[in-house]
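We use all heavy atoms of the structure for the numbers below, so side chains are in, but hydrogens, waters and symmetry mates are not. Owing to the predicted nature of the structure, the values given are computational and were not obtained by experimental measurement. Ligands are counted one by one from 1 in listed order, and the atoms in each one are counted from 1 as well.
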Amino acid sequence: MGEQLRVGVVGAGMMGADHVVRIQKRISGARVGAIIEPDAGRAAAAVATASGAQAFTRVEDAIEAGAVDAVLIATPGPFHLPVLRPALDARLPILCEKPLTPDTATAWEVLEHEQQLDRPHIQVGFMRRFDAEYAALRELIATGDAGELLMLRCLHRNPSVSDSYTQTMLITDSVVHEFDVVPWLAGSPVRSVEVKHPRRNSLAPDRLREPILVLIELENGVLVDVEMSVSVQFGYQVAAEAVFERGIARIGQPSGLQQWRDARFSVGEHVSYTTRFAAAYDTQVQRWVDAVRDGRLVDGPDAWDGYLVALSCEAGVKALDGGVVAVEAPQRPDFYASGGLAS
Ligand code: ISE
């Protein structure tokens with residue numbers, strides 16, 4: 001590694017392009033060494049924002065050329081596995097956007113592959129863990145200052161979704177975040193998942209039956225409800241209310257400039273996760289870069305966490321058809337002993 005970590009950003013869609021700017025402009029200790037993107041237009045646009053970066057269409061070629069010290073995978077979930085395999089073979093540190101892979105069988109394959117290395121090399125991009133309000137809520141729960149946590153009420157609302165968004169993605173692309181952050185907040189794994197279908201939003205694309213209400217029971221008895229909506233039109237909102245024995249706590253409320261004008265009170269709302277979680281993404285990538293540079297390689301959710309989330313997603317997808325679906329995790333391999341809910 002030279003003075004700066006050369007990151008290969010794989011996928012230059014919305015999230016990949018966002019990470020390129022982040023690495024070049026907002027964090028320290030790293031630069032974009034390569035953009036790996038088969039779409040020539042996207043690749044050219046990303047390279048234009050990352051001076052010195054080389055463009056490749058395959059991650060194998062970037063590795064072969066010695067152009068990268070680490071990779072950040074920002075392709076859609078179904079395309080993670082073909083990048084994870086060669087990156088692990090090359091023993092490169094990896095920050096992989098969520099989900100680790102789209103199903104438990106391939107997630108398990110990744111765990112087995114990674115365990116052939118000397119230590120965990122994969123961090124999974126569950127950025128909510130790096131959001132200051134989520135961290136404060138976790139601290140409040142851990143201290144017990146408001147008594148025991150009883151319930152968590154979560155709101156996860158998107159203004160709209162792209163044409164490629166399918167019904168199961170309500171779980172695997174969206175509620176996937178709650179499946180990671182809720183056990184991390186509450187210090188307890190998921191025991192079961194149930195999905196309820198309220199009245200359908202007629203503004204949703206025809207193929208989607210949403211919103212959905214996801215009920216997550218944790219091993220410690222805490223009950224969590226997640227309103228998952230993807231056609232709310234008005235903006236992007238991720239918020240939660242924690243109900244304790246002696247109080248409640250809220251995170252994710254609208255903030256910033258408040259205005260009283262024309263007999264109205266208003267405050268801005270986000271329209272995308274790229275702004276709602278911008279600071280969390282910055283912290284996540286900075287801490288990952290620092291961890292890679294000082295040899296820890298991972299500072300946050302690891303591949304084991306990614307696997308646990310895949311188990312919950314599998315249960316959640318089944319639960320879309322009705323019933324309460326249990327989640328049972330195998331014993332965590334010693335290899336991952338320092339990660340998990342603690343990080
Ligand atoms: C998207 O892929 C994300 O990861 C966002 O955080 C989430 O809010 C959205 O629903 C997903 O589609």
Side-chain angles (χ1 to χ4, degrees), residues 9-19 22 72-80 95-103 107 123-134 152-182 184-185 195 201 203-205 207-214 216 224-240 251-254 269-285 288 300-301 305-306 309-310 312-313 316-317 320:
V9 177
V10 188
M14 181 162 96
M15 212 53 241
D18 198 51
H19 282 314
R22 169 167 297 108
L72 192 166
I73 305 176
T75 54
F79 303 102
H80 290 177
L95 175 58
C96 180
E97 272 296 342
K98 45 67 33 182
L100 177 60
T101 65
D103 59 81
Q123 181 166 331
V124 184
F126 291 117
M127 76 298 184
R128 291 193 192 177
R129 294 195 191 194
F130 300 91
D131 176 88
E133 288 186 33
Y134 271 99
L152 267 172
R153 330 284 317 267
C154 304
L155 305 175
H156 189 166
R157 298 173 174 146
N158 292 205
S160 59
V161 281
S162 67
D163 291 347
S164 57
Y165 192 97
T166 59
Q167 184 71 19
T168 54
M169 286 170 77
L170 285 160
I171 301 291
T172 60
D173 199 56
S174 297
V175 182
V176 64
H177 285 289
E178 278 79 13
F179 281 138
D180 176 69
V181 85
V182 163
W184 178 79
L185 282 173
V195 176
N201 184 346
L203 302 175
R207 64 186 184 281
L208 299 183
R209 183 178 178 194
E210 62 94 14
I212 56 172
L213 188 68
V214 182
I216 305 171
V224 183
D225 62 87
V226 184
E227 179 212 305
M228 187 68 239
S229 302
V230 296
S231 309
V232 297
Q233 318 292 317
F234 70 83
Y236 181 85
Q237 211 173 52
V238 170
I251 58 172
Q253 298 304 305
E269 185 52 282
H270 290 282
V271 290
S272 163
Y273 43 89
T274 53
T275 60
R276 165 66 177 84
F277 288 109
Y281 284 121
D282 288 351
T283 307
Q284 168 188 256
V285 177
W288 173 65
D305 296 299
V309 171
S312 294
C313 284
V317 169
L320 283 171

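- Looking only at distances, a side-chain donor or acceptor of Gln167 sits under 3.5 Å from a matching main-chain atom of Arg209.
- Among residues two or more places apart in sequence or in another chain, the side chain to side chain donor-acceptor pair (under 3.5 Å) test is passed with Glu227 by Arg157, Ser229.
- Considering CZ of Arg22 and CG of Asp282, their distance stands at 4.5 Å, rounded to 0.5 Å.
- Here the side chains of Thr275 and Tyr236 are not in contact, with every heavy-atom distance at 4.5 Å or above.
- Taking a heavy-atom cut-off of under 4.0 Å, ligand 1 is surrounded by Lys98, Met127, His156, Asn158, Tyr165, Asp173, Ser174, His177, Tyr236, Tyr273.
- Comment: Asp180 engages Arg129 in a salt bridge, judged by a side-chain N to carboxylate O separation of less than 4.0 angstrom.
- No donor-acceptor pair under 3.5 Å is formed between the side chain of Glu133 and the backbone N or O of Ile251.
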